[in-house]
Amino acid sequence: MKPRRLASIIVKEFIHIKRDRPSLIIAVLMPIFLLLLFGYAVNTDVENVTSVVLDHSKSQQSRELVANFANSGYFNFMYYVNNRAAIHDLFAQGEAKAALVIPPDYAQQLHRNETPQVLLLIDGSDPTVARTILSAGQLIGRVASLEVTQKFVSGKGIKVEDLPGIDVRSRIWYNPNLESIRFNLPGLIGLILQNITVMLTAFALVRERERGTIEQLVVTPIKPAELIIGKLVPYIIIGFCDFLLVLVVGTYWFRVPIAGSVPLLIGLASIFLVCALAVGIFFSTVARTQLQAMQMALVFIMPSFLLSGFVFPRETMPLVIQWVGAIVPLTYFLKILRALILKGAEFRHLTGDITALTVFTILVIAMATARFRKHLD
Amino acid sequence: MKYSIEVENLTKQFGTQKAVESLTFQVPVGTIFGLLGPNGSGKSTTIRMLCGVIRPSAGTGKVLGLDIVQQAEEAKEHIGYMSQRFSLYEDLTVMENLRFFAGVYGLSRQVADQRIRELLTITNVIGWENNLTHTLSGGLKQRLALACALLHRPKLLVLDEPTAGVDPVSRRIFWSIIQALAANGMSILVTTHYLDEAETCDLVGFIFKGRLISFGPPREIARAVGVDTLEEAFLTFVQEETGERIDLDLTALTAFAKR
Ligand SMILES: Nc1ncnc2c1ncn2[C@@H]1O[C@H](COP(=O)(O)OP(=O)(O)OP(=O)(O)O)[C@@H](O)[C@H]1O
Ligand SMILES: [Mg+2]
């Protein structure tokens with residue numbers, strides 16, 4: 001392998017990227033676009049759900065209850081209505097997703113030490129939202145109820161702490177505020193790394209074939225290894241820059257700290273990068289035109305987007321779909337990324353996924369090299 | 001080494017079609033060899049086999065004494081190739097193309113710079129160094145391709161229709177260069193549809209439907225057929241092979257044109 005030859009190919013490839021608008025867009029704008037999209041637009045956090053109050057009681061006590069719900073941050077009471085039909089209309093129009101219905105004798109019942117029934121209506125069409133506000137609403141209700149109990153028993157000289165019961169405490173690890181960016185960002189690193197490198201490398205070799213320049217290249221004493229490595233180096237550099245960009249923006253802008261070891265993260269990202277590059281090269285040895293290469297890249301990227309667990313949790317998928325997802329290298333890298341960045345996992349926690357990723361990488365490289373030939377029949 | 005090119009029963013089959021069939025001939029070192037034949041007769045296919053772009057289906061070949069299958073990579077060090085379809089990088093400038101191929105042939109920076117300067121002068125591409133290649137005219141592109149093919153001082157220069165679609169001035173420049181290179185010991189393989197150009201070759205081979213029909217110095221070929229020029233010989237060959245008449249049916253044409 002001659003360094004001079006390798007250097008020439010690398011320089012040439014950088015010039016191509018510089019002068020080819022689609023490549024430049026994929027390399028520079030795509031990571032930024034995806035970061036903004038998943039950083040801001042795709043926010044699965046449920047808070048400030050627009051809600052309705054139907055307060056038949058119109059008392060000091062009922063207003064306190066509404067205030068309790070509002071102060072939780074989950075409910076944003078935008079509408080005050082006088083009848084059930086109005087709630088129905090607002091739900092149907094999508095103007096509101098939750099409604100609090102307070103009975104006419106709410107204050108009186110409390111006064112008589114009875115248990116008034118309050119109704120929380122929830123639009124369940126989006127299960128994620130519904131589930132979150134359901135549990136939030138129940139919790140707020142229980143706290144309010146406890147307050148009432150406390151007032152009642154203290155009047156009789158009993159402390160509420162002395163009453164028997166079970167006290168379940170919960171603590172959420174790794175992402176205590178349940179922010180979706182913390183979950184999405186590590187996955188995003190994997191997704192960006194994969195998409196950019198697969199697409200760019202798939203184009204790189206096909207371009208030579210499509211434009212006929214491969215004819216001239218083949219009659220030079222260039223070795224296949226020199227050609228492949230020379231063509232890959234620019235994309236390795238670009239892939240790495242994009243990786244670091246997302247990492248830095250994620251840490252400092254979106255405030256997702258890296259709990260685990262950064263060198264280990266970089267090392268494992270390198271393995272994944274090589275794997276994605278090899279996939280791209282494999283495509284370019286099969287495709288005849290850049291369009292075909294693009295289609296192949298998309299056919300690879302779309303399912304990996306859905307099956308790797310990037311958007312939907314893999315655990316809830318049917319078994320067959322899980323198996324298909326298991327042959328997507330991104331699946332393993334995502335698990336590694338999330339464990340390492342969020343949970344501070346160490347090498348010994350990740351051996352299974354690392355092994356799978358390495359095996360895949362070796363397999364794809366073998367496939368790509370087997371198909372790459374330096375003649376044109 | 002006596003021959004720049006020797007082939008024996010060289011055959012290339014694409015699917016069921018035989019593009020080149022049992023070619024056998026030898027070309028001595030230092031000569032200009034012109035490969036002639038109508039469209040689709042197998043000239044480019046032959047050339048691509050000799051340069052190691054595609055592999056023969058049958059038969060053997062040697063270029064500069066090196067086997068075209070076993071020693072293809074070694075042979076490539078000494079072959080300069082200009083393909084029929086322009087295959088330099090259109091999105092690179094003239095200079096970037098030259099620098100790239102100089103690097104690929106492993107020339108050091110200094111040697112490369114000097115050769116590039118010399119070749120820009122020889123091929124008269126001076127003044128276009130920083131232009132993107134796709135903005136060049138057809139003649140300039142061909143001259144640039146020639147410069148690229150000569151960067152590593154090949155022992156065998158292979159030119160597939162270098163003067164197709166090129167103006168008379170560029171054609172003249174091309175052939176002066178070819179002749180001068182051959183005079184200094186370089187072997188040359190060239191294809192062309194211009195028979196006045198072929199007339200100046202040391203040796204020509206006629207191929208038709210992949211088979212070699214005639215081989216020898218231009219003058220002898222014409223004499224053997226009993227005509228004065230290579231062009232007449234060419235027409236005679238094609239007529240004999242196809243049994244078709246080449247001169248137009250003038251009465252039919254006149255009738256058509258008058259309507
Ligand atoms: N890669 C290929 N696959 C299939 N058929 C091919 C291929 N290359 C050439 N052919 C066929 O082989 C035959 C010879 O083609 P070739 O290009 O060698 O002719 P040629 O003499 O160079 O013609 P021209 O003067 O038009 O350049 C043609 O019929 C062509 O269609
Ligand atoms: Mg041809």
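Chain letters run A, B, ... following the sequence lines, proteins first and then strands; every chain starts at 1.
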Can a salt bridge be assigned to the pair B:Glu96 and A:Arg19 using a cut-off of 4.0 Å between side-chain N and carboxylate O?
->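 A:Arg19 and B:Glu96: salt-bridged.
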Do NZ/NE/NH1/NH2 and the carboxylate oxygens of A:Lys223 and B:Glu73 come within less than 4.0 Å?
->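 Here A:Lys223 does not pair with B:Glu73 in a salt bridge, since their nearest N and O are not under 4.0 Å apart.
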Quick one: closest heavy-atom pair of A:Gly212 and B:Ser87, and the distance?
->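 For A:Gly212 versus B:Ser87, the nearest heavy atoms are O-CB, 3.0 Å.
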What are the two closest heavy atoms between A:Arg4 and B:Ala112, and how far apart are they?
->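 Minimum heavy-atom separation between A:Arg4 and B:Ala112: NH2-CB, 4.0 Å.
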Hey, are the side chains of [X] and [Y] touching, using non-hydrogen atoms and a 4.5 Å cut-off?
X: A:Val219; Y: B:Val53; value: yes
X: B:Asp91; Y: A:Arg211; value: yes
X: A:His16; Y: B:Tyr89; value: yes
X: A:Thr220; Y: B:Tyr105; value: yes
X: A:Glu215; Y: B:Arg48; value: yes
X: B:Phe100; Y: A:Leu217; value: yes

Does A:Arg5 reach the main-chain N or O of B:Val104 with its side chain, forming a donor-acceptor pair under 3.5 Å?
->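 Checking the backbone N and O of B:Val104 against the side chain of A:Arg5, a donor-acceptor pair under 3.5 Å is found.
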Please confirm whether the backbone N or O of A:Val218 pairs with a side-chain atom of B:Lys76, one donor and one acceptor, at under 3.5 Å?
->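 Flag set: sc B:Lys76 to bb A:Val218 pair under 3.5 Å.
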May I ask you to list the residues in residues 20-29 of chain B that approach chain A closer than 4.5 angstrom, counting heavy atoms only, ordered by number?
->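 No residue falls under the 4.5 Å cut-off.
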Is it the side chain or the backbone of B:Ser108 that comes within 4.5 Å of chain A heavy atoms, both, or neither?
->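 The backbone, not the side chain.
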B:Phe14, part contacting chain A, at a heavy-atom distance under 4.5 Å =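 Contact with chain A is absent: no heavy atom of B:Phe14 under 4.5 Å.
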Count the heavy atoms of every other residue, nucleotide or ligand shown that sit under 6.0 Å from [atom1] of [X], and state whether that count exceeds 12.
X: B:Lys155; atom1: NZ; answer: no
X: B:Lys62; atom1: NZ; answer: no
X: B:Trp128; atom1: CH2; answer: no
X: B:Glu8; atom1: CD; answer: no

Per-residue contact mode, A:Glu208 against chain B (heavy atom under 4.5 angstrom) |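 The side chain, not the backbone.
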Using non-hydrogen atoms and a 4.5 Å limit, figure out which bit of A:Ile9 sits close to chain B: side chain, backbone, both or neither.
->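 When you check distances to chain B, atoms from both the backbone and side chain of A:Ile9 fall under 4.5 Å.
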Out of B:Leu132, B:Ile79, B:Leu107, which one racks up the most heavy-atom pairs below 4.5 Å with chain A?
->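 Option with the top pair count is B:Leu107.
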